Engineer: 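Got a structure for you, questions after.
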2 protein chains.
Amino acid sequence: MPTSRTDPLTLEVVELIGTVVARYHEEYEQAAAAHALTGAQARVLGLLALEPTPMRKIADKLKCEPSNVTGIIDRLESRGLVERRPDPADRRVKVAAPTEEGRATARKLRDSLHFAREPLGELTEVERTLLRDLLKRMLGVETA
Amino acid sequence: MPTSRTDPLTLEVVELIGTVVARYHEEYEQAAAAHALTGAQARVLGLLALEPTPMRKIADKLKCEPSNVTGIIDRLESRGLVERRPDPADRRVKVAAPTEEGRATARKLRDSLHFAREPLGELTEVERTLLRDLLKRMLGVETA
DNA sequence: TATTGTTATACTCTATAACTATA
DNA sequence: TATAGTTATAGAGTATAACAATA
């Protein structure tokens with residue numbers, strides 16, 4: 001286990017990452033607001049667009065309590081973007097799934113997230129590959 | 001102006017950045033909670049530890065409405081971590097400043113933010129330099 | 001008994017609008 | 001008149017605890 005680094009270079013990188021995080025969030029909230037969604041609603045809609053998901057599993061992915069998901073899905077459902085479906089295999093379970101309009105909104109939302117796509121255009125392909133591999137190692141992702 | 005890239009490599013980097021953002025936030029909230037602070041309270045306390053700041057300017061930095069800052073500072077003040085000081089130059093202004101305990105808490109908080117410091121230890125100095133420069137170019141920061 | 005989802009409750013953060021005290 | 005800070009209000013996210021339906 002390496003000791004925590006406090007050298008100037010590492011601190012500079014940490015600060016840059018903080019800037020990336022701040023800018024990412026800012027743009028994400030903006031994009032969500034452009035569709036009259038909160039950040040949490042946009043995140044859940046994005047999840048469901050990938051795959052209809054039981055309430056409990058949504059809570060797991062959001063790392064929040066299941067009781068919160070009830071409200072978020074309530075609000076998305078009242079706007080016609082999401083619907084609750086029964087799970088034939090387990091009658092306790094409710095699967096949240098996007099409606100057609102919900103899928104369209106999720107698509108537009110994803111397309112409007114320009115962050116890190118526009119700026120990455122400044123980098124060459126070699127540089128983007130380099131960045132990818134550095135991030136992967138930083139995150140401890142398998143370099144498969 | 002470059003067109004938005006949608007090639008697989010760029011999308012992969014975008015997703016990795018999303019992962020960085022998620023992990024960063026998770027660790028930040030955890031660190032804050034370990035000191036019985038919310039994320040917003042921790043951020044403000046961190047700001048004030050750098051420099052006592054008028055209410056209005058705190059709102060600017062947080063990119064939120066000034067009315068919200070009142071509540072956040074209220075809660076920090078009621079816990080003895082922050083105090084409001086008058087500004088001799090302008091009697092309308094209140095400058096929020098950390099108490100000694102507030103400074104100590106901010107220090108402990110900062111030290112417990114291991115994210116991107118531990119993982120960066122995995123990288124060599126050359127790699128960290130590379131990562132720094134790539135992030136800088138991505139963020140459009142002057143490579144002074 | 002354990003699990004899924006919900007309800008009820010309380011707290012924090014958020015924006016908006018109206019207010020006060022200064023400038 | 002303009003600005004700094006506050007209050008009041010309402011909506012949303014959050015955790016906790018208790019509950020009904022189902023497993």
Side-chain angles (χ1 to χ4, degrees), chain A residues 22 25-48 52-79 81-97, chain B residues 22 25-48 52-79 81-97:
Chain A
H25 254 86
E26 210 177 311
E27 293 209 13
Y28 195 93
E29 295 289 323
Q30 256 180 346
H35 295 276
L37 294 170
T38 64
Q41 288 165 7
R43 269 188 297 280
V44 170
L45 190 56
L47 274 182
L48 301 185
T53 311
M55 304 297 280
R56 173 74 43 164
K57 201 168 175 188
I58 296 173
D60 291 343
K61 294 201 175 174
L62 258 61
K63 296 185 202 302
C64 74
E65 294 300 314
S67 58
N68 302 328
V69 179
T70 299
I72 296 171
I73 294 295
D74 279 351
R75 290 181 272 277
L76 287 171
E77 193 167 32
S78 74
R79 287 186 43 195
L81 300 174
V82 160
E83 61 183 13
R84 284 168 162 96
R85 297 178 185 157
D87 179 343
D90 185 338
R91 292 196 304 171
R92 293 174 302 179
V93 174
K94 289 177 189 165
V95 179
Chain B
H25 255 86
E26 209 177 311
E27 292 209 13
Y28 195 92
E29 295 290 323
Q30 255 181 346
H35 295 275
L37 295 170
T38 65
Q41 288 166 6
R43 268 188 297 281
V44 170
L45 190 57
L47 274 183
L48 301 186
T53 310
M55 304 297 281
R56 173 77 40 165
K57 200 168 174 188
I58 296 174
D60 291 342
K61 294 200 176 176
L62 258 61
K63 296 184 202 303
C64 74
E65 294 301 314
S67 59
N68 302 327
V69 179
T70 299
I72 296 172
I73 295 295
D74 279 351
R75 291 180 272 277
L76 287 171
E77 194 167 33
S78 75
R79 287 186 43 195
L81 300 175
V82 160
E83 62 183 12
R84 285 169 164 97
R85 296 178 186 158
D87 179 343
D90 186 338
R91 292 196 305 172
R92 292 173 303 180
V93 174
K94 288 176 190 167
V95 179

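All figures in this text were calculated on a predicted structure; none of them were measured in a lab. By convention in this document, chain letters (A, B, ...) are assigned in the order of the sequence lines, proteins followed by strands, and residues within each chain are numbered from 1.
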Engineer: Atom CD1 of B:I58 to atom C1' of D:dT3: distance rounded to whole Å?
Structural biologist: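 So the CD1-C1' distance, B:I58 to D:dT3, works out to 17 Å.
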Engineer: Walk me through whether A:N68 and A:L62 qualify under side chain to side chain contact (heavy atoms under 4.5 Å, CB included).
Structural biologist: CA-CA 10 Å; A:N68 302 328; A:L62 258 61; over 6 Å; no
Engineer: Can you tell me how far apart NZ (A:K63) and NE2 (B:H25) are? Round to the nearest 0.5 Å.
Structural biologist: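 Result: 14.0 Å between the selected atoms.
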Engineer: For A:N68 and C:dG5, what is the distance between atoms CG and P respectively, to the nearest whole Å?
Structural biologist: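 Rounding to the nearest Å, CG of A:N68 and P of C:dG5 are 14 Å apart.
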Engineer: For a quick test of reading the model: is some side-chain N or O of A:T70 closer than 4.0 Å to OP1 or OP2 of C:dT6?
Structural biologist: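 Yes, because at least one side-chain N or O of A:T70 sits under 4.0 Å from OP1 or OP2 of C:dT6.
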Engineer: Kindly give the heavy-atom pair with the smallest separation between A:L48 and A:A96, and that separation in Å.
Structural biologist: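 Residues A:L48 and A:A96, closest heavy atoms: CD2-O, 3.6 Å.
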Engineer: What integer distance in Å separates B:R56:CZ from C:dT22:C1'?
Structural biologist: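 Computing the B:R56:CZ to C:dT22:C1' distance gives 13 Å.
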Engineer: Where is the tightest heavy-atom contact between B:V95 and B:D87, given as atom of each residue plus distance?
Structural biologist: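 Between these two residues, the closest heavy atoms are CG2-CB, 4.2 Å.
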Engineer: When all nucleic acid strands are considered with a 4.0 Å heavy-atom cut-off, which category describes B:S67: base, sugar-phosphate, or nothing?
Structural biologist: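 Since a base atom lies under 4.0 Å of B:S67, the category is base.
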Engineer: I need the CG-C1' distance between B:L76 and C:dC13, as an integer number of Å.
Structural biologist: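 To the nearest whole Å, that distance equals 13 Å.
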Engineer: Tell me the interatomic distance from A:E26, atom CD, to C:dT14, atom C1', rounded to whole angstroms.
Structural biologist: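 In whole Å, C:dT14 C1' lies 16 Å from A:E26 CD.
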Engineer: Contact list please: residues 59-66 of chain A against DNA chain D, heavy atoms, distance less than 4.0 Å, in numerical order.
Structural biologist: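 Within this stretch, A:C64, A:E65 sit under 4.0 Å of the strand.
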Engineer: Could you state the interatomic distance from CD (A:E77) to CD1 (A:I72), rounded to the nearest 0.5 Å?
Structural biologist: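 The CD atom of A:E77 sits 13.5 Å away from the CD1 atom of A:I72.
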Engineer: Calculate the interatomic distance between A:Q41 atom CD and D:dT14 atom P; express it in whole Å.
Structural biologist: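 Roughly 11 Å, once rounded to whole Å.
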Engineer: Could you tell me how far apart A:K57 (NZ) and C:dT4 (P) are, to the nearest whole angstrom?
Structural biologist: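 These atoms are roughly 12 Å apart.
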Engineer: Quick one: pull up NZ in A:K94 and CD1 in A:I58 and give me the separation to the nearest 0.5 Å.
Structural biologist: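 Going from the NZ atom of A:K94 to the CD1 atom of A:I58 covers 12.0 Å.
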Engineer: The test is side chain to side chain contact (heavy atoms under 4.5 Å, CB included); show your working for B:R84 and B:M55 and say whether it passes.
Structural biologist: CA-CA 9 Å; B:R84 285 169 164 97; B:M55 304 297 281; 3.7 Å; yes
Engineer: Look at the side chain of B:R79 and the backbone N and O of B:A36, then say whether any donor-acceptor pair between them is shorter than 3.5 Å.
Structural biologist: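 Between the backbone of B:A36 and the side chain of B:R79 there is a qualifying donor-acceptor contact (under 3.5 Å).
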Engineer: Between the two ends of the helix from C:dT1-D:dA23 to C:dA23-D:dT1, what is the bend in degrees, rounded to 10 degrees, where each end axis spans five pairs?
Structural biologist: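 One end axis against the other gives 10°.
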Engineer: To the nearest 0.5 angstrom, please state how far the CD atom of A:Q41 sits from the CD1 atom of A:I73.
Structural biologist: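 Between A:Q41 CD and A:I73 CD1, I get 9.5 Å after rounding to 0.5 Å.
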Engineer: Using heavy atoms and a sub-4.0 Å distance, could you list which residues of residues 84-95 of chain A are near DNA chain D? By number, please.
Structural biologist: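 Contacts with DNA chain D under 4.0 Å: A:D90, A:R91, A:R92.
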Engineer: Calculate, to the nearest 0.5 Å, the distance between atoms CZ and CG belonging to A:R75 and A:L37 respectively.
Structural biologist: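 Those atoms lie 12.0 Å apart.
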Engineer: What is the distance, to the nearest angstrom, from the CE atom on B:M55 to the C1' atom on D:dT7?
Structural biologist: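 In whole Å, D:dT7 C1' lies 13 Å from B:M55 CE.
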Engineer: On a heavy-atom basis, which atom in A:A32 and which in A:T38 lie closest, and how many Å separate them?
Structural biologist: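 Distance-wise, the nearest heavy atoms are CB-O, 3.8 Å.
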